[in-house]
Protein chains: 2
Amino acid sequence: MIKRAMVNRPVAKSIERRSGVSLWRQIADQILHSIAIGDFVENAALPPEMALADRYGVNRHTVRAAIAALVQEGVLRAEQGRGTFVLSRKRLSYPIGARTRFSAGLQGQASERRSVLLEAIVEPASRRVADALKLARGADVIRLEARGEADGQSVSRATSWFEARRFAGIDAAMAETGSITASLERFGVSDYLRQSTVLSARHADAADLADLDLQPGAIVLVTVAVNVTPDGQPIQFAETRFPAERVELKLSAL
Amino acid sequence: MIKRAMVNRPVAKSIERRSGVSLWRQIADQILHSIAIGDFVENAALPPEMALADRYGVNRHTVRAAIAALVQEGVLRAEQGRGTFVLSRKRLSYPIGARTRFSAGLQGQASERRSVLLEAIVEPASRRVADALKLARGADVIRLEARGEADGQSVSRATSWFEARRFAGIDAAMAETGSITASLERFGVSDYLRQSTVLSARHADAADLADLDLQPGAIVLVTVAVNVTPDGQPIQFAETRFPAERVELKLSAL
DNA sequence: TATAGTTGTCTATATCAATAGACAAATTTT
DNA sequence: AAAATTTGTCTATTGATATAGACAACTATA
């Protein structure tokens with residue numbers, strides 16, 4: 001009953017027409033994927049446009065549109081007469097575990113890593129936030145909007161909520177230290193754990209595109225997490241968006 | 001420096017033009033997202049087409065194209081003169097942890113849950129597979145292709161590899177028991193741990209669309225995992241694709 | 001130097017995506 | 001019963017997407 005495969009060559013993925021996603025966008029996504037899994041190697045030349053057109057069963061101009069988009073994104077470089085070359089570095093691998101902070105654990109992967117506070121706002125808690133933080137609905141919470149950068153590229157976009165009464169001034173601490181962990185220590189929280197994390201994915205919306213410097217049609221990984229003190233008291237509720245083309249999440253300490 | 005928000009209403013997400021992703025597909029995705037986060041409630045009517053067109057800043061016919069796609073997918077039902085209604089159940093929440101098997105932990109969420117073996121093939125190990133299983137490159141491995149179903153809907157699509165010599169006949173065990181855990185027990189593996197999991201997301205390719213019964217443009221969550229015996233010997237390497245519109249991953253025991 | 005291979009640019013045409021307006025058909029409200 | 005609301009269908013027009021072919025510009029190689 002079991003079969004034996006004769007050869008072991010890469011699967012030829014095909015393309016969906018009249019799908020609402022243009023062919024050039026689908027091909028651009030597949031090229032990105034091929035780079036990510038090491039099918040197209042860094043610094044090497046892509047197959048010629050005619051060969052790609054043949055592989056995907058489309059016109060050469062359609063392939064050119066895909067390549068143009070990736071050149072625009074800084075993933076490829078095209079040189080007339082020579083070929084098209086892969087520039088992209090590998091995706092950043094974010095560790096996620098009970099005690100892993102987002103800004104930690106990236107040693108060696110990116111030389112410059114920082115978190116930029118975009119906005120701090122006091123607002124009444126929505127039902128979702130109130131439930132997560134175990135507050136009364138409508139209680140004041142502080143919402144922090146922050147962007148994570150590595151080597152000058154945007155790699156994360158986080159929205160997090162804290163109880164306003166307990167953590168008044170956390171925005172200033174964040175702006176100063178650039179770290180949630182360091183900021184929480186000023187409020188007497190020396191240790192905290194990741195209670196739950198829920199993971200999903202969707203297309204980037206307009207805000208994501210602007211904040212993460214993405215091209216339309218990009219995909220974001222979304223984590224929704226609740227952090228608690230060791231005795232189980234919720235202190236932070238956070239939704240973080242990661243550009244799927246630049247980041248993968250490594251679940252550690254499982 | 002901190003600001004105070006006056007009102008607390010849902011953010012109006014907007015739409016990207018000339019992006020390679022058609023407006024109707026973007027709106028369909030946003031409607032799915034709104035349903036997933038509980039913004040549009042199950043069984044309730046969607047806002048009228050004109051209101052949606054206004055919200056997204058597009059023509060009514062564009063909204064109609066988005067709704068038509070979701071009706072086709074079975075997410076919405078439109079009734080002339082009455083309105084358009086949400087049919088979709090919530091997304092399935094898959095637990096992932098050190099000892100969590102994919103087929104376990106879904107009690108109460110789906111009444112009927114099963115795994116279907118699609119194909120079993122012996123092939124030489126690629127570099128990726130050989131590295132993960134600590135085998136010589138080109139050593140024989142068994143590749144199993146399986147689809148997970150819940151309530152008649154496809155919710156996962158897994159490709160997994162085992163060392164052929166040690167696990168010869170695992171395909172028959174899988175077909176019989178429908179469970180990886182039960183099959184491994186027959187080979188003397190009574191316990192195993194998830195050594196590592198790497199998570200990413202991408203657009204569904206043609207194979208995913210067919211296997212998971214998705215519409216073009218859909219997004220899949222991808223987990224790549226290595227399972228090991230308690231003493232650290234790798235036994236299974238698996239890549240699993242989940243339709244992001246139907247599944248979220250809940251990271252537990254972190 | 002000549003040739004082959006590759007990317008860049010142009011024109012032309014057909015199809016899909018989106019806008020616009022009008023009205024029909026069905027349902028709910030007044 | 002009449003009016004208002006909502007989905008369904010039709011025509012027409014514009015812009016983006018995709019195909020096709022030809023040739024220019026540049027690079028590497030025989």
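Letters A, B, ... mirror the listed sequences (proteins, then strands); counts begin at 1.
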So if I define the base as every atom that isn't primed, P, OP1 or OP2, how would nucleotides 22-30 of chain D read as a B/S/- string at a heavy-atom cutoff under 4.0 Å? B--BBSS--

Residues forming a side-chain hydrogen bond (donor to acceptor under 3.5 Å, both in side chains) with A:Ser160, sequence neighbours excluded: none

At less than 4.0 Å, is any side-chain N or O atom of A:Thr62 found next to OP1 or OP2 of D:dT19? Yes or no.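 Yes, A:Thr62 has a side-chain N/O under 4.0 Å of OP1/OP2 on D:dT19.
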
Is any side-chain nitrogen or oxygen of A:Thr84 closer than 4.0 Å to OP1 or OP2 of C:dT7? yes

Nucleotide nearest B:Asn59 when distance is taken to its side chain, options D:dA20, D:dG8, C:dA20: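 In terms of side-chain proximity for B:Asn59, the closest of D:dA20, D:dG8, C:dA20 is C:dA20.
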
Going by the rule ring pair (Phe, Tyr, Trp, His ring centres under 6.0 Å), which residues pair with B:Trp161 if we only count those two or more places apart in sequence or in a different chain? B:Phe237

Considering residues at least two apart in sequence or located in another chain, which fulfil the salt bridge (Lys or Arg N to Asp or Glu O under 4.0 Å) criterion with [X]?
X        : value
B:Arg60  : B:Glu49
B:Asp208 : B:Arg202, B:Arg241
A:Arg82  : A:Glu79

Without decimals, in angstroms, what is the distance between [X] [atom1] and [N] [atom2]?
X       : N      : atom1 : atom2 : answer
B:Glu49 : C:dA20 : CD    : C1'   : 15 Å
B:Arg77 : D:dG8  : CZ    : P     : 12 Å
B:Gln26 : C:dA18 : CD    : P     : 8 Å
B:Phe85 : C:dA26 : CZ    : P     : 16 Å

Listed partners of A:Asn59 passing side chain to side chain contact (heavy atoms under 4.5 Å, CB included), at least two apart: A:His61, A:Thr62

Applying side chain to side chain contact (heavy atoms under 4.5 Å, CB included) to A:Ala65 and not counting sequence neighbours gives A:Trp24

Donor-acceptor contact present, side-chain A:Arg127 to main-chain A:Arg137, <3.5 Å: no

Contacts under 3.5 Å, N or O only, protein and nucleotides 13-17 of chain C:
none

If you assign A:Gly57 and B:Glu79 each to the DNA chain D nucleotide with the nearest heavy atom, which residue ends up on the more 5' nucleotide?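 The residue whose closest nucleotide sits nearer the 5' end is B:Glu79.
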
Minimum-distance pair of heavy atoms, taken over all atoms of A:Ala120 and A:Asp171: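 Taking every non-hydrogen atom into account, CB-CB, 3.4 Å.
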
